[in-house]
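Report on the structure given below.
All values derive from a computational prediction rather than experimental measurement.
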Amino acid sequence: MDRRDYNYYDANAASIDLGDITSSVENAKTLQQLRDDTLRSLSLGGVFSNFHVREVNDWGWLGYFISKSECLRRLHIYYLPDGEEGHAFSECIARNQSIRRICIFNNLSNEAFTSIMRALHSVSQLEELTIGESNNVGPDGWSELGTLLESGVCQLMQFHLYRNNYMGNEGVDVLSNGLRGIGSSLKELMLEDNSIDSEGLSTLVEALQSCTGLEILHLSGNDFSSSAAAAGLSSLSDWLQRHEVNLNELNLSYCRINDEGLLAFNEGAANQCRSLYLRGNETITTVGLRYLSDRGGAAPSKIFSHEWFAENSFFKLFDFCRRASEIFDDGQNCPSPFRSWIYPRFAA
């Protein structure tokens with residue numbers, strides 16, 4: 001691909017034959033919609049893509065039409081080429097002023113990922129950023145993401161980072177600095193399946209002090225099972241008890257939490273968390289359930305919702321209810337949310 005400046009695209013945009021710069025009729029139709037400024041959502045290379053990735057597509061022109069759009073709101077990127085084509089595309093993305101949501105999936109190369117992160121420094125209107133399964137990203141890519149978030153340019157409302165198996169605690173350090181940059185605008189944070197352990201959780205909680213507007217926090221699929229896990233969960237509990245925290249939903253499913261971890265976390269959940277998901281933590285025993293029964297005025301029905309049981313068999317569900325009922329001598333001693341759900345079904 002020859003190097004072209006933005007003036008080249010401006011001068012030829014009206015006359016360019018879209019069939020000459022795309023690999024299919026469908027892709028040409030998508031570019032036409034971009035040129036006519038009628039397209040609101042664009043997916044590049046995914047299963048339900050409306051722009052199919054092939055070698056003969058001109059990524060510079062695609063980026064140009066995206067940059068000019070005032071209608072486009074959502075951009076999903078499953079593939080981006082390396083080299084000059086990828087950089088030309090990213091440079092054009094930096095000029096767009098309409099996109100509110102960007103999702104990046106499916107193992108983009110470190111070069112492509114870094115290029116996009118640099119472009120987003122100019123996309124100040126962005127409200128939601130999702131990054132999934134980006135296991136080819138190296139330290140410089142994560143660092144560029146951290147720099148973007150830390151700059152405060154993007155006052156994100158939703159940030160989703162999931163199934164990045166090589167993120168780990170080092171990535172949490174970078175992310176934590178970024179969260180401080182986002183601050184109170186953040187409403188939803190999802191960090192699922194990122195190999196975060198108790199140490200990483202403690203680091204993350206420190207950064208959450210500045211996220212006073214947070215309403216939803218998902219940490220499912222990380223590992224809080226170590227002997228030090230109680231310290232991380234205790235720090236999460238302390239954060240939840242801060243008066244400015246108003247979390248509506250906390251998901252700790254499949255985090256390998258045991259009774260000790262649940263005890264360390266229990267007080268904060270009682271005070272602030274309205275809905276708590278703990279499904280898949282099979283090492284929680286009757287002892288752990290007893291901690292929940294001693295929560296005072298909190299609502300256990302908000303903790304063990306039907307979602308908690310969704311992937312367990314009926315027999316596991318029955319066993320859970322039996323174990324929960326064993327905590328109490330009879331139905332009268334069972335807190336009302338447990339009593340109203342368990343006893344009509346299993347006490348007979």
Side-chain angles (χ1 to χ4, degrees), residues 1-24 26-46 49-106 108-131 134 137 140-141 144-145 147-149 151 153-154 156:
M1 174 182 174
D2 295 331
R3 181 69 178 175
R4 311 166 185 147
D5 61 22
Y6 203 73
N7 291 331
Y8 167 85
Y9 294 111
D10 270 337
N12 294 279
S15 60
I16 189 73
D17 186 336
L18 301 181
D20 292 341
I21 56 175
T22 55
S23 59
S24 66
E26 291 79 6
N27 284 1
K29 288 180 179 178
T30 297
L31 282 194
Q32 184 66 55
Q33 288 178 293
L34 282 170
R35 185 159 65 179
D36 294 342
D37 204 15
T38 60
L39 191 67
R40 294 184 61 86
S41 181
L42 176 62
S43 179
L44 309 177
S49 171
N50 52 356
F51 191 90
H52 302 283
V53 176
R54 294 183 177 88
E55 291 182 1
V56 296
N57 290 302
D58 191 311
W59 287 83
W61 273 113
L62 174 61
Y64 171 79
F65 287 120
I66 291 174
S67 74
K68 302 296 285 186
S69 175
E70 297 179 0
C71 181
L72 189 65
R73 293 292 183 269
R74 297 177 296 277
L75 177 61
H76 293 198
I77 303 174
Y78 291 85
Y79 172 79
L80 186 64
D82 291 334
E84 194 61 48
E85 282 192 305
H87 289 299
F89 176 85
S90 297
E91 288 173 5
C92 290
I93 293 297
R95 295 174 178 264
N96 178 275
Q97 297 299 308
S98 68
I99 295 174
R100 299 292 185 269
R101 173 183 179 183
I102 291 182
C103 302
I104 301 171
F105 303 103
N106 203 32
L108 261 65
S109 72
N110 183 65
E111 179 183 342
F113 181 87
T114 303
S115 179
I116 286 291
M117 291 302 107
R118 288 172 180 163
L120 294 185
H121 281 273
S122 300
V123 187
S124 59
Q125 77 280 359
L126 194 65
E127 297 175 354
E128 179 180 342
L129 178 60
T130 296
I131 300 171
S134 296
V137 177
D140 53 334
E144 195 64 47
L145 170 63
T147 301
L148 168 67
L149 299 177
S151 70
V153 170
C154 299
L156 297 176

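Closest non-hydrogen pair, Thr30 versus Leu42, comes out as CG2-CD1, 3.6 Å. Of all non-hydrogen atoms in Leu62 and Phe51, the two that sit nearest each other are CD2-CE2, 3.8 Å. Residues Ser90 and Ala119 come closest through the heavy atom pair O-CB, 3.2 Å. Nearest heavy-atom pair across Ser115 and Gly86 is OG-O, 4.1 Å. Between Ile99 and Arg101, the shortest heavy-atom distance links the atoms CG2-O, 3.5 Å. Taking each heavy atom of Glu85 and Pro81 in turn, the nearest pair found is CB-CG, 4.0 Å.
Ring-centre distance between Tyr9 and Phe65: not below the 6.0 Å cut-off.
Looking at heavy atoms from C-beta onward, Glu70 lies out of side-chain contact with Gln97 at the 4.5 angstrom threshold. You'll find the side chain of Leu44 stays beyond 4.5 Å of the side chain of His76, heavy atoms only. For the pair Asn50/Gln33, no side-chain contact is recorded, criterion being any heavy-atom separation below 4.5 Å from C-beta on. Using a 4.5 Å heavy-atom threshold, the side chains of Asp10 and Tyr64 count as touching. Within the 4.5 Å cutoff, no side-chain heavy atoms of Ser23 are placed close to those of His52. Looking at Leu34 and Gln32, their side chains never come closer than 4.5 Å, going by heavy atoms from C-beta outward. Put simply, the side chain of Asn27 does not reach to within 4.5 Å of the side chain of Leu18, judged on heavy atoms.
Of the possible donor and acceptor atoms, none in the side chain of Glu128 sits under 3.5 Å from a partner among the backbone N and O of Arg100. Judged by distance alone, with hydrogens and angles left aside, the side-chain atoms of Arg35 form a donor-acceptor pair with the main-chain N or O of Ala13 at under 3.5 Å.
One side chain, Ser67 or Tyr6, offers a donor N or O that lies under 3.5 Å from an acceptor on the other. Between the side chains of Asn57 and Thr22, no donor-acceptor pair of N or O atoms lies under 3.5 Å. Counted by atom type alone, Ser69 and Asp37 present one or more donor-acceptor pairs between their side chains at under 3.5 Å. Side-chain atoms of Thr38 and Asp36 form no donor-acceptor pair, as typed in the model, at a separation below 3.5 Å.
To the nearest 0.5 Å, atoms CZ (Arg73) and OG (Ser98) are separated by 5.5 Å. Atom CG of Leu129 and atom CD1 of Ile116 lie 10.5 Å apart (nearest 0.5 Å). Note: Cys154 SG to Gln125 CD = 8.0 Å, rounded to the nearest 0.5 Å. Annotation: the span from Leu148 atom CG to His121 atom NE2 amounts to 5.0 Å, rounded to 0.5 Å. Taking CG from Leu39 and NZ from Lys29, the interatomic distance works out to 13.5 Å, rounded to the nearest 0.5 Å. Taking CZ from Arg95 and NZ from Lys68, the interatomic distance works out to 8.5 Å, rounded to the nearest 0.5 Å.
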From CA spacing to verdict: side chain to side chain contact (heavy atoms under 4.5 Å, CB included), Ile93, Leu75: CA-CA 10 Å; Ile93 293 297; Leu75 177 61; 3.8 Å; yes
Go through the steps for Ile66 and Phe89 under the test side chain to side chain contact (heavy atoms under 4.5 Å, CB included), then give the verdict. CA-CA 9 Å; Ile66 291 174; Phe89 176 85; 3.7 Å; yes
Show the numbers, then the answer: is there a side chain to side chain contact (heavy atoms under 4.5 Å, CB included) between Glu127 and Ile102? CA-CA 9 Å; Glu127 297 175 354; Ile102 291 182; over 6 Å; no
Applying side-chain hydrogen bond (donor to acceptor under 3.5 Å, both in side chains) to Asp82 and Ser109, what does each step give before you reach the verdict? CA-CA 8 Å; Asp82 291 334; Ser109 72; 2.4 Å; yes
Stepwise, does the side chain to side chain contact (heavy atoms under 4.5 Å, CB included) test hold for Thr130 with Ile104? CA-CA 6 Å; Thr130 296; Ile104 301 171; over 6 Å; no
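Classified by interplanar angle (parallel below 30°, tilted 30° to 60°, perpendicular above 60°), the ring pair Trp61/Tyr8 is tilted.
Arg118 and Glu144 are joined by a salt bridge, as a carboxylate oxygen and a charged side-chain nitrogen come within less than 4.0 angstrom of each other.
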